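Inspection log for the structure reproduced underneath, given as structure tokens.
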Number of protein chains: 2
Amino acid sequence: MIEPARVTEVLDGRHQELRRELRERMTDAKLADTIGLDVDTHRALVFDQLRELAATRHPRLGFAKQYGGEGDIGGSVVSFQMLGYGDLSLMVKAGVQWGLFGGAVQMLGTERHHAKYLPDIMSLDLPGCFAMTETGHGSDVQHLRTTARYDNGEFVVDTPDDAARKDYIGNAARDGRMAVVFAQLIVEDRSYGVHAFLVPIRDAAGRPVPGVRIGDCGPKAGLNGVDNGRLWFDHVRIPKENLLNRYGDVTDDGAYTSSIESDSRRFFTMLGTLVRGRISVAGAANSASQRALTIAVRRAESRSQFRKPDSDTEIPLLDYLAHQRKLLIPLARTYALHFAQDELVGMLGDVQSAPEPDPIAQRQLESRAAGIKAVATWHATSTIQTAREACGGAGYLADSGLPALKADTDVFTTFEGDNTVLLQLVAKGLLTDYRDNFADLSPLATARLVAEQLMGAVLERIAARQVISRFDDDVRSRDWHRSLFEDREQHVLEGLARRLRAAASSDTDPFDVFNDAQDHVLLAGRVHIDRLVFDAFVAAIDNCADEEVKALLEQVCDLYALASIEADRGWFLEHGRITTARSKKVTAEVNALCKSLRQYARTLVDAFAIPEQYLPAPSPT
Amino acid sequence: MIEPARVTEVLDGRHQELRRELRERMTDAKLADTIGLDVDTHRALVFDQLRELAATRHPRLGFAKQYGGEGDIGGSVVSFQMLGYGDLSLMVKAGVQWGLFGGAVQMLGTERHHAKYLPDIMSLDLPGCFAMTETGHGSDVQHLRTTARYDNGEFVVDTPDDAARKDYIGNAARDGRMAVVFAQLIVEDRSYGVHAFLVPIRDAAGRPVPGVRIGDCGPKAGLNGVDNGRLWFDHVRIPKENLLNRYGDVTDDGAYTSSIESDSRRFFTMLGTLVRGRISVAGAANSASQRALTIAVRRAESRSQFRKPDSDTEIPLLDYLAHQRKLLIPLARTYALHFAQDELVGMLGDVQSAPEPDPIAQRQLESRAAGIKAVATWHATSTIQTAREACGGAGYLADSGLPALKADTDVFTTFEGDNTVLLQLVAKGLLTDYRDNFADLSPLATARLVAEQLMGAVLERIAARQVISRFDDDVRSRDWHRSLFEDREQHVLEGLARRLRAAASSDTDPFDVFNDAQDHVLLAGRVHIDRLVFDAFVAAIDNCADEEVKALLEQVCDLYALASIEADRGWFLEHGRITTARSKKVTAEVNALCKSLRQYARTLVDAFAIPEQYLPAPSPT
């Protein structure tokens, strides 16, 4: 057998040392029991734990060196993800304070904000909020309606009505002293779009400051150690300097200035700098999937149910094909997503530590972050659900750890960007790229393009036949998997582009054009991300020096690829990419892989190296 | 527009008057707020509510008239299902007391038990438990290990070790005074299999009786108003009369007697009488799906997000195709399952009120109950999850009602029979029927069968081509839907039978033969149930006298059928049942149906007629 530690080494990827250090600290830590805590007690406990965390390396990782940080933005995401093995309320609370609040000050503010606030933010002497979402505007941030009107050297921050109140704001209900408030910046009745402002919300004694009303979102499905609240501003005056002015400012004589002329582009640029939040949530989702699978696989190995025919031998749950399919397919996908996340964190570090901003790399990063966040959080939700069911009644008891994991992570699919909106964002980006590639074509090139499109159906059928025939009989051929993933991505996108173009040239309402194709749009986003995740898995295997581990990971990757193809075989068959015989063979091979990987299941989950105290074992036997 | 009440009339089906009466009582009732209650307070509240419920008609419905009941077993399930609109802890607690505990006494006991206990059970003067599941044996009831050894006019009930303790037992941790304990009945070292025994567990003062140890399962994901506990018996002596002796008894001179000779058949006969539990859970799951969809559809109508291109008009969530697909497809399936449930409850009433037992009808009922329970509870789990996500952050707040709904129903997929085990049970029944149909063939008939099987592939291809061609272009042809559902059911089962027969005649280990085909087995169960559900929907439409409602339900049924076909188009394509062009057309038609049903979404959910106090509206706007 392969020692799990050898697989861990591969999983640790780009931040091996940091992961080891954090793991050691976590292994030594005592885990506070949060089962059955009421909301107030849980919140108090989490704030105390946050204070302890403030004294460690964790908060400093992501901040610039000149203010006492370590300037390792990727490391800050990894550390956040490791917190995901513990009480997720603490993880989210840390994310609000240092990721969202501190991150906004760092990314959207300038030197005067950094020097004045970052040290207190890191030390938790200044607990803060990230006040973006409004009750009436969750996903449509561009049109949120809180206003910050420039008036005589100050901004007047105001909530026009209840739909514009800030909602679901972490740190607001209990602990926050200051908030980064996103509001329409208005100078002399002209709005320059959404900007971020530092607004004090509580005084040193913890009382709301005049003009600020604070509400409590009350109990939630999970994450009850986080004090989510609501904020209303009644013409609150803040000094002009409280505008986080990296991308836009108001001069001393009251004129708006910005390095980016277009309001819309400026807005998306600002939003883009905050991409770490989504990447962090994707990482946390992976931690949760890993934890759920570790709990469920261990139980499935130790618990038996029913006997072999004519025998007194009871059968371990994991010997059943149905149980293997339930757990090992998500396990393979969790591996794939882990490697995709590692790659994504690497990209984040590269982009945000580049001496010069690279707009193309930035856009790729944002798109990938959006897509992987969506895919990883949906995966976590379904994986934890499956793990709970695979543990039966024991998985329903709080002491199995699974109920809290399910409840705490449930919001991941809709916070930091609703998953459906995010996948749509990915697809829109792809469509833009696609259009840009053909935007400056000469008349001749355009004619050629039209001809090619006319030829499209024919060419495609030939290509499809090639995809089918090229790889003979080996359903485990990696090249065949790759060709399916790539070909699907390309075909879905091209079909979508053609479809939208055709509809746009008709009389149809522009909203209807896009909306009628929304399932196609979302598919384009998903299959693009699927291909990226596949590539990341393959790249990780290519980099693996340990031959035995490599061989094991090849099997896991086969299972990931083939189970993905099986799940989407409707599409592949519909588009002539696989024959019906081959489709059946894929299912047979998925089953065969489940059977042969069953003996490595324990190794594969133990390799996640989750400290034991975060793995409450469900009831014995 | 169609008044929702007209649709409600159709939904009310076989128990129209009872449903109306219960709905009126519920509409007048005050709803206790359970958000944030600690476990002890919640349990106490639920027990108080159970006392109030004991004074209503609810507990009497399911019991025989001669003991003060109403003898309406179907009505008892309907009433249980209506409780599913309120706090599910109360529903489950009622189910434990009157359904499981009282039901076991009624179905497995004889006159002496009925006269002595049923009145006190109905009045709640005797709170009781249904102690079947053991820690080590959840699904494999036949091999549970608690023993009841006959000794000199008494039974000695004993828990041999911790794996044999009774686990997850409702009413055990706090309120139960007596338990129906399932144990191996042993006379003179010969076991006659599992029987049920009445064992006192607490005295009048609520203290455990000598020899009985009681534990507490502690906090759970949900249903925290139910006091689930554990029971250990240390050689507890009970009088011989406490054996529920309808199917087996011990004579005064210590001899075992039974009307059913085979231990195994006796066991399954006893178990079969308890089928109401599964049917009740299926009903409760439907109530939960209905409630989640009502909450989410109302919000999707009232909440807008993003603007139309070049306009200030914001778009209601339900105008988005993706949102329609998220909510309307599950809504159509919820309608289908509602009608299937109504039919199932009708069957239950017929079977259990028949003057003579009908073993064939009983077996059909058990199979259908198992399958519909599995399908309906998985549907509820995924529907509530989708509804939560469709409500975004608001759906994560406890006051939206969705978190409790998710947490409380999560155990439905694994209690009263693990869904995977249940689907397998359905498939095994089908295989047995299939084999029985060919068991007594003459040599000539056998030869003909073999010839037919050789012809199978050819005939099938012809049949498939007929399925494809027969219905021309109309993807909404009900006959075409039916032929697909029926044909898939038949093909999957026949293929499975052939596959198992072929494997069985090889040298393969019998466990491996079955296990290697387990995904095929589960598929056979699922597609059988899918066809039954489809038939039930069609039958309900046929019975509908209101033409406008009928036309609306036709559309809903189209959406149910086509979305089911779309979801399983991998199979239909793989087996040549649909062409690729038609497969794409199915998707297009699902989208078109979503668009056209969007205007009826509110009518369709309001028709569930859930009393308003059970529909907490998520935060405004």
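Here the structure is a predicted model, which means the values were calculated and not measured. Convention: sequence-line order gives letters A, B, ...; per-chain numbering from 1.
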Please flag which part of [X] lies under 4.5 Å from any non-hydrogen atom of chain B: side chain, backbone, both or neither.
| X | answer |
| --- | --- |
| A:Glu566 | neither |
| A:Ala407 | backbone |
| A:Pro309 | side chain |
| A:Thr587 | side chain |
| A:Ile35 | side chain |
| A:Val521 | neither |
| A:Val39 | neither |
| A:Leu522 | side chain |
| A:Leu223 | both |

Residue, of [options], that accumulates the most heavy atom pairs under 4.5 Å with chain B:
| options | answer |
| --- | --- |
| A:Ala404, A:Pro510, A:Gly222 | A:Gly222 |
| A:Asp568, A:Thr414, A:Asn228, A:Val421 | A:Thr414 |
| A:Gly393, A:Ala581, A:Ser382, A:Gly392 | A:Gly393 |
| A:Gln142, A:His323, A:Arg307, A:Arg325 | A:Arg307 |
| A:Asp509, A:Thr580, A:Ile315, A:Asp140 | A:Asp140 |
| A:Gly36, A:Ala592, A:Gly218, A:Ala221 | A:Ala221 |

Answer yes if the ring centres of B:Phe511 and A:Phe306 are under 6.0 angstrom apart, and no otherwise.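 No: the rings miss the under 6.0 Å criterion.
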Can you tell which of [options] has the highest number of heavy-atom pairs within less than 4.5 Å of chain A?
| options | result |
| --- | --- |
| B:Asp310, B:Leu37, B:Asp319, B:Asn419 | B:Asp319 |
| B:Ser139, B:Ser311, B:Pro403 | B:Ser139 |
| B:Lys308, B:Gln424, B:Lys584 | B:Lys584 |

Output every pair passing ring-ring contact (aromatic ring centres under 6.0 Å, His included) with a member in residues 393-413 of chain A, not counting sequence neighbours, ordered by first then second residue.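 The answer is A:Phe412-A:Phe415.
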In Å and rounded to the nearest 0.5 Å, what is the [atom1] to [atom2] distance from [X] to [Y]?
| X | Y | atom1 | atom2 | result |
| --- | --- | --- | --- | --- |
| A:Arg388 | B:Thr381 | CZ | OG1 | 7.5 Å |
| A:Thr413 | B:Gln385 | OG1 | CD | 6.5 Å |
| B:Cys594 | A:Asp516 | SG | CG | 11.5 Å |
| A:Asp512 | B:Lys595 | CG | NZ | 4.5 Å |
| B:Thr420 | A:Lys326 | OG1 | NZ | 2.5 Å |
| A:Leu573 | B:Thr579 | CG | OG1 | 12.0 Å |

Are any non-hydrogen side-chain atoms of A:Arg569 and B:Arg569 less than 4.5 angstrom apart? no
Assess, by modelled atom type and distance only, whether the side chains of A:Glu574 and B:Ser583 contain a donor and an acceptor separated by less than 3.5 Å. yes
Checking side-chain hydrogen bond (donor to acceptor under 3.5 Å, both in side chains) for the pair A:Gln305/B:Asp418: CA distance, chi angles, key distance, verdict? CA-CA 12 Å; A:Gln305 202 69 203; B:Asp418 176 273; over 6 Å; no
Would B:Asn591 and A:Asp519 count as a side-chain hydrogen bond (donor to acceptor under 3.5 Å, both in side chains) if you check the C-alpha gap in whole Å, the side-chain angles of each, and the deciding distance to 0.1 Å? CA-CA 9 Å; B:Asn591 289 349; A:Asp519 57 334; 2.9 Å; yes
Interface moiety of B:Glu314 toward chain A, non-hydrogen atoms closer than 4.5 Å: side chain
Looking at A:Tyr168 and B:Ala394, would you say the former's side chain and the latter's main chain have a donor-acceptor pair under 3.5 Å?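 Yes; judged by distance alone, with no hydrogens or angles, the pair exists.
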Shortest non-hydrogen contact from B:Leu397 toward A:Cys217: CD2-CB, 3.9 Å
